[in-house]
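Keep in mind that the numbers below use all heavy atoms, side chains included, and drop hydrogens, waters and symmetry copies.
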Amino acid sequence: QVQLVESGGGLVQAGGSLRLSCAASGRTFTGYVIGWFRQAPGKERDFVAARSWNTGSTDYADSVKGRFTISRDIAKNTVYLQMNSLKPEDTAVYYCAARVGALVRRTAAAYDYWGQGTQVTVSS
(Lines give C-alpha, C1' and ligand atoms only; values in the text may rest on other atoms or scores of the structure.)
Protein backbone atom coordinates (compact mmCIF):
# COMPACT_ATOMS: atom_id res chain seq x y z
CA GLN A 1 0.00 0.00 0.00
CA VAL A 2 1.24 3.48 -0.84
CA GLN A 3 0.49 6.58 1.18
CA LEU A 4 0.44 9.92 -0.60
CA VAL A 5 1.50 13.22 0.92
CA GLU A 6 0.75 16.41 -0.98
CA SER A 7 2.22 19.84 -0.49
CA GLY A 8 2.65 23.14 -2.29
CA GLY A 9 -0.80 24.66 -2.36
CA GLY A 10 -1.49 28.26 -1.48
CA LEU A 11 -2.82 31.61 -2.59
CA VAL A 12 -1.57 33.15 -5.82
CA GLN A 13 -2.67 35.94 -8.13
CA ALA A 14 -4.00 35.21 -11.59
CA GLY A 15 -1.14 34.67 -14.00
CA GLY A 16 1.09 33.30 -11.27
CA SER A 17 2.55 29.86 -10.72
CA LEU A 18 2.55 27.13 -8.10
CA ARG A 19 4.16 23.73 -7.89
CA LEU A 20 2.40 20.90 -6.13
CA SER A 21 4.27 17.87 -4.84
CA CYS A 22 3.07 14.34 -4.24
CA ALA A 23 5.44 12.14 -2.29
CA ALA A 24 5.06 8.43 -1.69
CA SER A 25 5.37 6.98 1.77
CA GLY A 26 5.69 3.29 2.36
CA ARG A 27 6.93 2.26 -1.06
CA THR A 28 8.13 3.64 -4.37
CA PHE A 29 5.95 4.78 -7.23
CA THR A 30 7.32 2.05 -9.46
CA GLY A 31 4.42 0.28 -11.17
CA TYR A 32 1.93 3.07 -10.49
CA VAL A 33 0.18 5.78 -12.42
CA ILE A 34 0.04 9.06 -10.51
CA GLY A 35 -2.83 11.40 -11.19
CA TRP A 36 -3.87 14.86 -10.10
CA PHE A 37 -7.50 15.73 -9.64
CA ARG A 38 -9.22 18.84 -8.36
CA GLN A 39 -12.52 19.63 -6.74
CA ALA A 40 -14.09 23.04 -6.43
CA PRO A 41 -16.87 23.70 -3.91
CA GLY A 42 -20.15 22.19 -5.06
CA LYS A 43 -18.55 20.49 -8.05
CA GLU A 44 -17.39 17.02 -8.93
CA ARG A 45 -13.81 15.90 -8.66
CA ASP A 46 -12.23 16.50 -12.07
CA PHE A 47 -9.20 15.02 -13.77
CA VAL A 48 -6.26 17.38 -14.20
CA ALA A 49 -3.22 15.34 -15.27
CA ALA A 50 -1.63 11.94 -14.90
CA ARG A 51 1.67 10.24 -15.53
CA SER A 52 2.76 6.63 -15.71
CA TRP A 53 5.82 6.26 -13.50
CA ASN A 54 7.23 3.41 -15.56
CA THR A 55 6.45 4.44 -19.14
CA GLY A 56 6.45 8.22 -18.77
CA SER A 57 3.13 8.51 -20.59
CA THR A 58 1.18 11.61 -19.65
CA ASP A 59 -2.32 12.98 -20.14
CA TYR A 60 -3.80 16.38 -19.44
CA ALA A 61 -7.27 17.81 -19.22
CA ASP A 62 -7.94 20.23 -22.06
CA SER A 63 -8.47 23.05 -19.57
CA VAL A 64 -4.87 22.83 -18.33
CA LYS A 65 -3.01 21.68 -21.42
CA GLY A 66 -0.12 24.00 -22.18
CA ARG A 67 -0.23 25.55 -18.68
CA PHE A 68 0.33 22.59 -16.34
CA THR A 69 3.13 20.03 -16.46
CA ILE A 70 3.33 16.76 -14.55
CA SER A 71 6.83 15.47 -13.87
CA ARG A 72 8.69 13.14 -11.54
CA ASP A 73 11.86 13.03 -9.48
CA ILE A 74 13.03 9.44 -9.23
CA ALA A 75 15.52 10.10 -6.45
CA LYS A 76 12.87 11.79 -4.30
CA ASN A 77 10.09 9.41 -5.31
CA THR A 78 7.93 12.45 -5.91
CA VAL A 79 5.57 13.63 -8.63
CA TYR A 80 5.13 17.32 -9.30
CA LEU A 81 2.40 19.38 -10.89
CA GLN A 82 3.83 22.65 -12.16
CA MET A 83 0.99 25.08 -12.66
CA ASN A 84 1.65 28.23 -14.71
CA SER A 85 -0.59 31.02 -15.97
CA LEU A 86 -3.06 30.24 -13.22
CA LYS A 87 -6.64 31.43 -13.56
CA PRO A 88 -9.33 32.01 -10.93
CA GLU A 89 -11.18 28.99 -12.31
CA ASP A 90 -8.22 26.82 -11.27
CA THR A 91 -9.20 27.43 -7.65
CA ALA A 92 -9.92 24.07 -6.00
CA VAL A 93 -8.65 21.45 -3.63
CA TYR A 94 -6.07 19.44 -5.55
CA TYR A 95 -5.67 15.73 -4.85
CA CYS A 96 -2.89 13.37 -5.74
CA ALA A 97 -3.96 9.82 -6.53
CA ALA A 98 -2.28 6.56 -7.49
CA ARG A 99 -3.37 3.44 -9.32
CA VAL A 100 -1.54 0.22 -9.95
CA GLY A 101 -0.58 -0.33 -13.56
CA ALA A 102 0.79 1.53 -16.56
CA LEU A 103 -2.36 2.83 -18.22
CA VAL A 104 -3.08 6.49 -17.65
CA ARG A 105 -6.73 6.96 -16.76
CA ARG A 106 -8.92 10.03 -16.33
CA THR A 107 -11.57 8.46 -14.12
CA ALA A 108 -11.27 9.05 -10.38
CA ALA A 109 -12.79 5.65 -9.66
CA ALA A 110 -9.81 4.00 -11.39
CA TYR A 111 -7.43 5.22 -8.67
CA ASP A 112 -6.86 3.23 -5.52
CA TYR A 113 -5.00 5.62 -3.24
CA TRP A 114 -5.58 9.28 -2.48
CA GLY A 115 -3.81 12.05 -0.67
CA GLN A 116 -5.45 14.44 1.75
CA GLY A 117 -5.69 17.31 -0.71
CA THR A 118 -4.11 20.74 -0.85
CA GLN A 119 -5.95 24.02 -1.41
CA VAL A 120 -5.07 26.18 -4.40
CA THR A 121 -6.67 29.62 -4.52
CA VAL A 122 -6.17 31.95 -7.47
CA SER A 123 -7.27 35.52 -6.96
CA SER A 124 -8.33 37.77 -9.81
Side-chain angles (χ1 to χ4, degrees):
Q1 184 171 347
V2 60
Q3 294 177 320
L4 306 177
V5 180
E6 301 134 333
S7 60
L11 173 64
V12 65
Q13 289 188 332
S17 298
L18 282 174
R19 188 178 76 164
L20 305 183
S21 300
C22 176
S25 175
R27 61 155 295 155
T28 70
F29 277 138
T30 301
Y32 284 82
V33 169
I34 311 306
W36 287 97
F37 291 77
R38 66 186 181 186
Q39 188 167 19
K43 296 188 177 181
E44 294 184 351
R45 190 168 296 189
D46 291 331
F47 171 78
V48 175
R51 181 189 179 104
S52 169
W53 186 266
N54 287 17
T55 70
S57 297
T58 59
D59 190 21
Y60 295 91
D62 289 345
S63 59
V64 306
K65 201 170 293 184
R67 299 188 297 123
F68 291 11
T69 302
I70 187 169
S71 63
R72 67 173 183 178
D73 185 321
I74 297 175
K76 295 183 178 180
N77 203 38
T78 298
V79 171
Y80 301 101
L81 184 68
Q82 178 67 43
M83 306 185 295
N84 298 329
S85 302
L86 282 162
K87 305 175 182 180
E89 51 263 44
D90 294 318
T91 295
V93 176
Y94 283 70
Y95 296 91
C96 172
R99 65 180 301 270
V100 176
L103 292 178
V104 174
R105 299 284 300 273
R106 293 189 170 200
T107 306
Y111 289 78
D112 305 299
Y113 306 102
W114 291 84
Q116 79 284 358
T118 185
Q119 177 70 47
V120 171
T121 302
V122 184
S123 63
S124 58

Minimum heavy-atom separation for [X] to [Y], with atom names?
X     : Y      : value
Val2  : Tyr113 : CG1-CD1, 3.5 Å
Ala98 : Tyr32  : CB-CD2, 3.9 Å
Ala24 : Asn77  : CB-ND2, 3.2 Å
Pro88 : Ser124 : CG-CB, 3.8 Å
Arg27 : Gln1   : CG-O, 3.9 Å
Ala92 : Ala40  : CB-N, 3.8 Å

Heavy-atom distance under 4.5 Å between the side chains of [X] and [Y], does that happen here?
X     : Y      : value
Thr28 : Trp53  : no
Cys96 : Trp114 : no
Tyr60 : Val104 : no
Met83 : Val120 : yes

Is it true that Ile70 and Phe47 fall in one hydrophobic cluster, defined by side-chain heavy atoms closer than 4.5 Å? no
May I ask whether Tyr95 and Val100 are part of the same hydrophobic cluster, defined by side-chain heavy atoms of I, L, V, M, F, W, Y residues being less than 4.5 angstrom apart, directly or through others? no
Let me confirm one number: the [atom1]-[atom2] distance from [X] to [Y], rounded to the nearest 0.5 Å.
X     : Y      : atom1 : atom2 : value
Ser63 : Asp90  : OG    : CG    : 7.0 Å
Leu18 : Thr118 : CG    : OG1   : 9.0 Å
Asp59 : Ser52  : CG    : OG    : 12.0 Å
Thr69 : Arg51  : OG1   : CZ    : 10.5 Å

Do Lys65 and Asp62 sit within salt-bridge range, that is, some charged N less than 4.0 Å from a carboxylate O? yes
Would you confirm whether [X], through its side chain, and [Y], through its main-chain N or O, come within 3.5 Å as a donor-acceptor pair?
X      : Y      : value
Tyr111 : Trp36  : no
Gln82  : Arg19  : no
Glu6   : Gln116 : yes

Check whether NZ of the Lys or CZ of the Arg Arg72 lies under 6.0 Å from the centre of the six-membered ring of Phe29 and within 45 degrees of that ring's axis. no
Step-by-step side chain to side chain contact (heavy atoms under 4.5 Å, CB included) determination, Thr107 to Phe37: CA-CA 9 Å; Thr107 306; Phe37 291 77; over 6 Å; no
Among Thr91, Val64, Val93, which residue meets the side-chain contact (heavy atoms from CB on, under 4.5 Å) test with Arg38? Val64
My understanding is that only one of Asp73, Leu20, Ile34 makes a side-chain contact (heavy atoms from CB on, under 4.5 Å) with Tyr80; could you say which? Asp73
Take Val33 and Arg105 through the side chain to side chain contact (heavy atoms under 4.5 Å, CB included) test and state the conclusion after the steps. CA-CA 8 Å; Val33 169; Arg105 299 284 300 273; over 6 Å; no
